[in-house]
> 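First the structure, then my questions, so here it is.
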2 protein chains.
Amino acid sequence: MLTITDVSRRSGVASSALRFYEERGLIASERAGSGHRRYPRSVLRRIAFIVFAQRIGLTLEEIGAEFTKLPADRVPSRRDWSRLSGQWTKRIDQRIAELQRLRSGLTECIGCGCLSIDRCSLANPADMAGRKGPGPRYWLG
Amino acid sequence: MLTITDVSRRSGVASSALRFYEERGLIASERAGSGHRRYPRSVLRRIAFIVFAQRIGLTLEEIGAEFTKLPADRVPSRRDWSRLSGQWTKRIDQRIAELQRLRSGLTECIGCGCLSIDRCSLANPADMAGRKGPGPRYWLG
DNA sequence: CTACAAGTTCAAGTGAACTTGAAGTCAAGC
DNA sequence: GCTTGACTTCAAGTTCACTTGAACTTGTAG
């Protein structure tokens, strides 16, 4: 069993963040008699997945939703994890595709001089249909 | 000259956001006698660039810094704009490269079972060296 | 036994990019 | 002349993913 500092050092994630993840139900801990947290080694893989998923662009809420697909009664196997990650590959591909569109737009569309918002397909309102509601909007779409 | 609603409709950017951009010095307006904003058509291209740059991953502050490279005394030409965007292509390429690394990591690294945070090169602390300071961290790096 | 490092909870702060609300002014149609 | 809608400013609220600080308790090395 690992202390919170152990986990923090091995994962590169701050202890405050680990407590935060726990509060959000993304990870769990047992307690020593003192009230201090004790983590099983399996938590490291779970945290790795959180970090990974974030870099791909999932929010903590989405990550939590993914985790409900894991078996609750046992430590997840390699198969369990890879079932989850299958969906993510699709997401990465979409993101790469968008970036490639943007990239070709930079050379073509600016080159052709059409970068006026109402005509250019790269920066028109239709592309922004997904943006709604308050708060910061990530370019992830 | 366009009203704020004209610009909002043509750009897909809310009027509140346009006022916000103006406050941040990203766009400018003249005023009608009434005090209402009036925009020259050239503001549309400027806004297109803001939207574009955001989808690539630049912050408003970075976008502002880019804009200082534009001529202050005249409406920017096509050449002026494309000089700016040259840098962005590099940035997109880096981002695509990272996503491709993540993508191959999903199949290879999880397949091989090494996704324990301290051994896997895809989710280790070294990759997170750039993350520091408070606030949300975007996966842009 | 005493430092002091490491742990705890809970409330409040942070930064980015806006949005929302209040309270008031201005313009256009009937 | 009046209503309706568009516009103004300014302050405060929102989301996300945390961090920071206060006040306190536990564990460990000398």
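Chain A is the first sequence line, chain B the second, and so forth, proteins listed ahead of strands; every chain is numbered from 1. Just so it is clear, the values below take in all heavy atoms, side chains as well, and ignore hydrogens, waters and symmetry mates.
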> Between D:dT8, C:dA16, C:dT20, which nucleotide gets closest to the side-chain atoms of B:Arg37?
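So the side chain of B:Arg37 is nearest to D:dT8.
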> Could you state the CD-C1' distance from B:Glu22 to C:dA17, rounded to the nearest angstrom?
16 Å
> Measure up the A:Trp81 and A:Phe67 rings against each other and bin them: parallel (under 30°), tilted (30 to 60°), perpendicular (over 60°).
perpendicular
> Relative to the 5' end of DNA chain D, which residue comes earlier, B:Thr3 or A:Ala17, by the nucleotide with the nearest heavy atom?
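Nearest nucleotide further toward 5': that of B:Thr3.
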> D:dA6 P sits how many Å from B:Asp6 CG, rounded?
11 Å
> Are any of A:Tyr21's side-chain N or O atoms less than 4.0 Å away from OP1 or OP2 of D:dC18?
yes
> Taking side chain as C-beta onward, heavy atoms only, is A:Ile47 less than 4.5 Å from A:Leu18?
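They are in contact (side-chain heavy atoms under 4.5 Å apart), so the answer is yes.
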> Testing A:Arg19, A:Met1, A:Glu22 one by one against A:Ser29 for a side-chain contact (heavy atoms from CB on, under 4.5 Å), which residue passes?
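For A:Ser29, the side-chain contact (heavy atoms from CB on, under 4.5 Å) test succeeds with only one of A:Arg19, A:Met1, A:Glu22, which is A:Glu22.
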> Grab the CD1-C1' distance between A:Ile4 and D:dC18 for me, whole Å please.
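One finds 14 Å between C1' of D:dC18 and CD1 of A:Ile4, rounded.
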> Using whole Å, report how far CG of B:Leu60 lies from P of C:dA17.
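That distance rounds to 4 Å.
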> Could you give the CZ-to-C1' distance, from A:Arg9 to C:dA6, as a whole number of Å?
12 Å
> Roughly how many Å is it from CD in A:Glu61 to P in D:dT15, rounded to a whole number?
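After rounding, the gap between these two atoms is 11 Å.
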> With a 4.5 Å limit on heavy-atom distance, are the side chains of B:Arg103 and A:Thr89 in contact?
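The answer is yes; the side chains approach within 4.5 Å.
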> Is it true that A:Lys90 and A:Asp93 have a side-chain N and a carboxylate O under 4.0 angstrom from each other?
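Salt bridge absent between A:Lys90 and A:Asp93.
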> Could you tell me if the side chain of A:Leu60 sits less than 4.5 Å from the side chain of A:Gln54, heavy atoms only?
yes
> Answer yes or no: does atom CD of B:Glu61 have more than 12 heavy-atom neighbours from other residues, nucleotides or ligands under 6.0 Å?
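Atom CD in B:Glu61 is not packed in, count stays at 12 or less.
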> Tell me the interatomic distance from B:Leu58, atom CG, to C:dA16, atom P, rounded to whole angstroms.
14 Å
> For D:dC18, does either OP1 or OP2 sit under 4.0 Å from a side-chain N or O belonging to A:Gln54?
yes
> Check this one for me: any side-chain N or O of A:Arg19 less than 4.0 Å away from OP1 or OP2 of C:dA11?
no
> Restricting to nitrogen or oxygen on both sides, can you table the protein-nucleotides 25-30 of chain D pairs closer than 3.5 Å?
from	atom 1	to	atom 2	distance (Å)
D:dG27	OP1	A:Ser34	OG	2.9

> For the pair made of CZ in A:Arg24 and P in D:dC16, what is the distance, rounded to whole Å?
7 Å
> Across the strands shown, which category fits B:Ser16 at heavy-atom distances under 4.0 angstrom: base, sugar-phosphate, nothing?
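It contacts base atoms.
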> Could you please name the option among D:dT9, C:dT9, C:dC18 that lies closest to any side-chain atom of B:Phe20?
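Of all the options, the side chain of B:Phe20 is nearest to C:dC18.
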